[in-house]
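First up is the structure itself, then whatever we jot down about it.
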Amino acid sequence: QVQVVESGGGLVQAGGSLRLSCAASGNIFSINSMGWYRQVPGKQRELVAAITSVGTTNYADSVKGRFTITRDNARNTVSLQMNSLKPEDTAVYYCKVAGKTYNTFNYWWGQGTQVTVSS
């Protein structure tokens with residue numbers, strides 16, 4: 001049983017900031033990485049930012065310099081600080097957790113949280 005819970009979405013004006021948070025809990029033996037993806041209607045889900053258990057990060061080109069992903073390994077949480085938001089950042093943001101449940105590698109998705117940026 002693995003649960004992924006997201007929070008922090010909302011409505012913000014262009015140029016503003018939001019902070020998304022994600023917490024993983026349940027029967028997880030180890031977590032390899034946690035990250036954020038986003039999706040808009042009619043488009044494929046795309047990587048926004050991810051971070052491994054040792055701190056390696058990966059960002060989409062469109063958010064580099066504006067978004068920062070951080071992780072608290074002890075609490076199995078990950079946050080995404082989003083600054084200088086643009087209308088094109090509007091999407092449903094999903095938290096993804098990749099890890100192992102003892103003898104099986106798997107990944108889990110959160111339900112998603114809506115981020116809307118007005119122009």
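Owing to the predicted nature of the structure, the values given are computational and were not obtained by experimental measurement.
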Applying the 4.5 Å side-chain criterion to the ILVMFWY set and letting contacts propagate, would [X] and [Y] be lumped into a single cluster?
| X | Y | result |
| --- | --- | --- |
| W108 | Y93 | yes |
| I28 | I51 | yes |
| Y59 | L47 | no |

Which pair of heavy atoms, one from C95 and one from M34, lies closest together, and at what distance? SG-CE, 4.5 Å

With ILVMFWY side chains joined below 4.5 Å, transitively, what does L11's cluster contain besides itself? none

Applying ring-ring contact (aromatic ring centres under 6.0 Å, His included) as the test, list every pair that has at least one member in residues 11-38; sequence neighbours left out. Y37-W109

Within 45 degrees of the ring normal and closer than 6.0 Å to the centroid, is that where the cationic atom of R38 sits relative to Y94? no

In sequence, state the C-alpha distance, the side-chain angles, and the governing distance for V48 and F67, and then conclude on side chain to side chain contact (heavy atoms under 4.5 Å, CB included). CA-CA 9 Å; V48 178; F67 293 8; 3.6 Å; yes

In sequence, state the C-alpha distance, the side-chain angles, and the governing distance for V78 and T70, and then conclude on side chain to side chain contact (heavy atoms under 4.5 Å, CB included). CA-CA 6 Å; V78 65; T70 57; over 6 Å; no

Side-chain donor-acceptor distances from residues 111-119 under 3.5 Å, at least two apart:
| residue | atom | partner | partner atom | Å |
| --- | --- | --- | --- | --- |
| T113 | OG1 | G9 | N | 3.3 |
| Q114 | NE2 | A91 | O | 3.4 |
| Q114 | NE2 | T116 | OG1 | 3.3 |

Beyond-backbone contact of I31 with R71, side-chain heavy atoms, under 4.5 angstrom: yes

Hey, does R19 have a side-chain heavy atom less than 4.5 Å from the side chain of S79? yes

Let's go through K64 and D61 carefully: what are the C-alpha distance in whole Å and the side-chain angles of both, what is the deciding distance for salt bridge (Lys or Arg N to Asp or Glu O under 4.0 Å) to 0.1 Å, and is it a yes or a no? CA-CA 5 Å; K64 288 180 179 177; D61 289 341; 3.1 Å; yes

Can D72 and T77 be counted as having a side-chain donor-acceptor contact under 3.5 angstrom? no

Got a second to check how far [X]'s [atom1] is from [Y]'s [atom2], nearest 0.5 Å?
| X | Y | atom1 | atom2 | result |
| --- | --- | --- | --- | --- |
| L20 | S7 | CG | OG | 8.0 Å |
| R66 | S17 | CZ | OG | 10.5 Å |
| S62 | K86 | OG | NZ | 8.0 Å |
| F105 | N32 | CZ | CG | 5.5 Å |

Check: P87 main-chain N/O paired with T90 side-chain donor or acceptor under 3.5 Å: yes

Evaluate the side chain to side chain contact (heavy atoms under 4.5 Å, CB included) criterion for residues N27 and Y102: first the C-alpha distance (whole Å), next the side-chain angles of each, then the deciding distance (0.1 Å), finally the verdict. CA-CA 9 Å; N27 190 24; Y102 182 61; over 6 Å; no

Is there a side chain to side chain contact (heavy atoms under 4.5 Å, CB included) between M82 and I69? Walk through the geometry before answering. CA-CA 9 Å; M82 304 186 294; I69 189 168; over 6 Å; no

Which residue, N83, V12, L80, D89, forms the side chain to side chain contact (heavy atoms under 4.5 Å, CB included) with L18? V12

